[in-house]
Participant: 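Below: one structure in structure tokens.
What you see is a predicted model, and the numbers here were worked out from it, not measured in a lab.
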Amino acid sequence: VIMSRLIQILLVLSLGSPAWAELRLPALFSDGMVLQHNRLVPVWGWAGSGEKVTVLISEQSFSTTTDEHGKWALKLAPMPVSEQPLDIVIKGETNTITLRNVLFGEVWLASGQSNMEWDVKRSMDAEKNILEADYPQIRMFTVVKHGAEEPLDDVEGQWQVCNSDTVPGFSAAAYYFALDLHQRLGVPIGIIHSSWGGTAGEQWTPMDILENDQDYQAIIERFKHRAAANQDSIATYERKLATWRTAAEQARAEGKPEPSGRPLHPLGRVICRPGALYNAMIAPLIPYAIQGVIWYQGESNASRAAQYKKLFPNMILSWRRAWGQGDFPFLFVQLANYQQPSAQPDESHWAELRESQTQTLSLVPRTGMAIAIDIGDANDIHPANKQDVGKRLAQCALKVAYGQEVPHTGPIYDHMVVREGKVRLYFKNVAGNLVAKDNQALEGFAIAGQDRQFVWAEARIVDEQTIEVSNINVPEPVAVRYAWANNPICNLYDAAGLPASPFRSDDWATPTTNER
């Protein structure tokens, strides 16, 4: 018995010994990766406690020592854009890892729900674009879908070099964004794609942001109510999870990968839990150096659009705070047109969500919005035209991230003045001048008086940034709306061919005002 106990003690000691813990890296640090150029680049991983780790790149050497938990981290000195792929050698005391075919260029995170997830093979002109996809300096890392109750330290996925074999599975919006930037900037582009269809903004927001704000308590209570209805199955899940975690901790101590078969949460793999996708698909990416984020999401929050006015900015700010690299650019796609057009002016959840997105531009610095009100599909929530989505996001990037004076967002409503029964609308962000597409009469404007009943209005362009709106039956107008519908018929653009953002001049209560 004594001998058996001694063997057990020796085994435990050996498992905790640095000699048994091999050097390992997060999945992001692998062959074919793209690192952000001209910036300090965090690199991290795990090895034995107290172990020295050295990173070698381009005749430079960087060293550090792991902490008591075996975690190590250091920062590479800023590197120029790669002319040729590089190798990075990372040495521990028990093993060495060589990362091959590494490029320094521009790195962007692409996230959101299904319209970001939508792949190239299902997008417009897929066959032609797949055949032409030979861009070895464009790479994409697609994060495997997963949800978690607390922040994780790694994801699953791999870097893929863009070619006709790999590009069919790339996020289409992210790929066309990367392609446009690559052709304009002439540098390698790396995309970290982390999205999941059908998900809401609160699932991508850190739980502490939600828990500490009364405005989000309804979100948390909904989840708790659903969890209570599944209490028995959750108890079984928690027992299995505890067993799995014990095995995972032992594997980490041995320098081995975590065991497969992590129990799945009974509530949809945990993904419905607030913060679950942030924990599993964003937190493990931090602090990988990025230039910025592109985001396509909002459909799942449309029924609570008024709440999104606060939730979306909070999410952006929480990501920036967690990354710790300042106010990186955050570019997003305004919801596209969808469903059948309305015969008369009416309320619209999607129009409200678009308003929340537009207001984010003024609430959060260094943001940009790609307007997609003209490239949707009445019959499909996933419009196939992801090329224009990517190009418009790239236009925003050129302005917000790279400081180029280029048309980017499209005309945005600024203010209005009522004169003699007519309304003058003033716009900002107009490239050149306002135009009606194809020189047709302006459509999509509605006007209301004190009765708050909207009717279609006549509209004409007065000058480069001004429109006059009126209706003979509304002699004392007080409010104007434009493109305020799920799928509006509208045709206001600027000279650069960018559509105007839908808007309303009023602040009246809407169907989602009290939805939480």
Side-chain angles (χ1 to χ4, degrees), residues 7-30 44-49 51 66-73 94-95 97 141-158 194-196 198-199 202-208 210-211 220 223-224 226-286 288 322:
I7 291 174
Q8 290 177 7
I9 293 172
L10 291 174
L11 179 59
V12 170
L13 290 175
S14 66
L15 290 176
S17 170
W20 284 80
E22 286 194 342
L23 170 72
R24 60 188 181 91
L25 303 171
L28 273 173
F29 294 97
S30 53
W44 68 93
W46 303 270
S49 175
E51 187 169 332
T66 62
D67 63 19
E68 59 182 355
H69 303 293
K71 179 75 179 286
W72 61 270
T94 59
N95 63 306
I97 298 174
F141 182 101
T142 300
V143 175
V144 173
K145 296 176 185 176
H146 188 49
E149 296 172 82
E150 60 276 323
L152 303 182
D153 58 12
D154 203 0
V155 296
E156 293 181 59
Q158 62 180 357
S194 184
S195 65
W196 198 327
T199 56
E202 58 266 25
Q203 293 165 264
W204 298 96
T205 303
M207 190 61 174
D208 65 310
L210 304 173
E211 288 179 325
I220 296 172
F223 176 80
K224 288 181 178 178
R226 186 174 178 185
N230 291 270
Q231 190 169 7
D232 292 342
S233 56
I234 289 176
T236 300
Y237 157 76
E238 289 178 343
R239 287 195 298 271
K240 291 181 178 179
L241 182 62
T243 301
W244 181 88
R245 282 176 172 160
T246 300
E249 290 173 3
Q250 181 171 333
R252 283 194 292 268
E254 296 173 354
K256 297 178 180 179
E258 291 181 347
S260 60
R262 181 187 177 108
L264 300 180
H265 197 283
L267 302 184
R269 300 183 186 174
V270 185
I271 69 162
C272 63
R273 183 186 183 93
L277 301 187
Y278 174 83
N279 288 339
M281 299 179 68
I282 299 299
L285 310 177
I286 300 170
Y288 198 92

Participant: Looking at residues at least two apart in the chain, or sitting in another chain, which of them share a side-chain hydrogen bond (donor to acceptor under 3.5 Å, both in side chains) with Ser194?
Facilitator: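 By the side-chain hydrogen bond (donor to acceptor under 3.5 Å, both in side chains) rule, Ser194 matches no residue at all.
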
Participant: Checking Ala73 now: which residues fulfil side chain to side chain contact (heavy atoms under 4.5 Å, CB included) with it, not counting sequence neighbours?
Facilitator: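 Scan of Ala73 (side chain to side chain contact (heavy atoms under 4.5 Å, CB included), adjacent residues dropped) gives Trp44.
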
Participant: Enter the distance from Arg24:CZ to Thr94:OG1 here, rounded to the nearest 0.5 Å.
Facilitator: 12.0 Å

Participant: Is there side-chain contact between His146 and Leu152, with heavy atoms separated by less than 4.5 Å?
Facilitator: yes

Participant: Counting only heavy atoms not in Lys71, do more than 12 sit closer than 6.0 Å to its NZ atom?
Facilitator: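 Buried by this count: over 12 neighbours within 6.0 Å.
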
Participant: Quick one: list whatever passes side-chain hydrogen bond (donor to acceptor under 3.5 Å, both in side chains) with Trp46, sequence neighbours left out.
Facilitator: none

Participant: Rounded to the nearest 0.5 Å, what separates atom CD in Glu202 from atom CG in Leu210?
Facilitator: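 Reported value, rounded in 0.5 Å steps: 7.5 Å.
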
Participant: Check for a donor-acceptor pair, side chain of Thr246 on one end and backbone N or O of Ala242 on the other, with a separation under 3.5 Å.
Facilitator: yes

Participant: Please name all residues satisfying side chain to side chain contact (heavy atoms under 4.5 Å, CB included) with Thr66, sequence neighbours left out, ordered by chain then number.
Facilitator: Ala47, Glu51, Val53, Trp72

Participant: Kindly determine whether Gln203 and Arg273 satisfy side chain to side chain contact (heavy atoms under 4.5 Å, CB included), including the steps that lead there.
Facilitator: CA-CA 6 Å; Gln203 293 165 264; Arg273 183 186 183 93; over 6 Å; no

Participant: Would you say the side chain of Leu285 lies within less than 4.5 Å of the side chain of Val143, judging by non-hydrogen atoms?
Facilitator: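 In contact.
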
Participant: Which heavy-atom pair separates Trp196 from Met281 by the least distance, and what is that distance?
Facilitator: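 So the minimum-distance heavy-atom pair works out to CE3-SD, 3.8 Å.
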
Participant: Restricting to non-hydrogen atoms, name the atom on Asn95 and the atom on Leu23 that form the minimum distance, rounded to 0.1 Å.
Facilitator: OD1-N, 2.7 Å

Participant: Contact between Tyr278 and Thr205 at the side-chain level, heavy atoms closer than 4.5 Å - yes or no?
Facilitator: no

Participant: Would you give the length of the straight line joining atom OG of Ser30 to atom CD of Gln158, rounded to the nearest 0.5 angstrom?
Facilitator: 7.5 Å

Participant: Asp153 side chain to Pro284 main-chain N or O, any donor-acceptor pair under 3.5 Å?
Facilitator: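 Flag not set: sc Asp153 to bb Pro284 has no pair under 3.5 Å.
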
Participant: Contact between Thr199 and Leu277 at the side-chain level, heavy atoms closer than 4.5 Å - yes or no?
Facilitator: yes

Participant: Using side chain to side chain contact (heavy atoms under 4.5 Å, CB included) as the criterion, list what pairs up with Glu211, not counting sequence neighbours.
Facilitator: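 By the side chain to side chain contact (heavy atoms under 4.5 Å, CB included) rule, Glu211 matches Met207, Ile220.
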
Participant: Between Pro26 and Gly45, which heavy-atom pair has the shortest distance, and what is it?
Facilitator: CD-CA, 4.0 Å

Participant: Return the set of residues passing salt bridge (Lys or Arg N to Asp or Glu O under 4.0 Å) with Glu150 (not counting sequence neighbours), or none when no residue passes.
Facilitator: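 Salt bridge (Lys or Arg N to Asp or Glu O under 4.0 Å) check on Glu150 returns Arg245, Arg262.
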
Participant: Provide the closest heavy-atom pair for Pro151 versus Ala283 in the form atom of the first, atom of the second, distance.
Facilitator: CB-CB, 4.1 Å

Participant: Is there a donor-acceptor contact under 3.5 Å from the side chain of Asp154 to the main chain of Ala27?
Facilitator: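 Yes; judged by distance alone, with no hydrogens or angles, the pair exists.
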
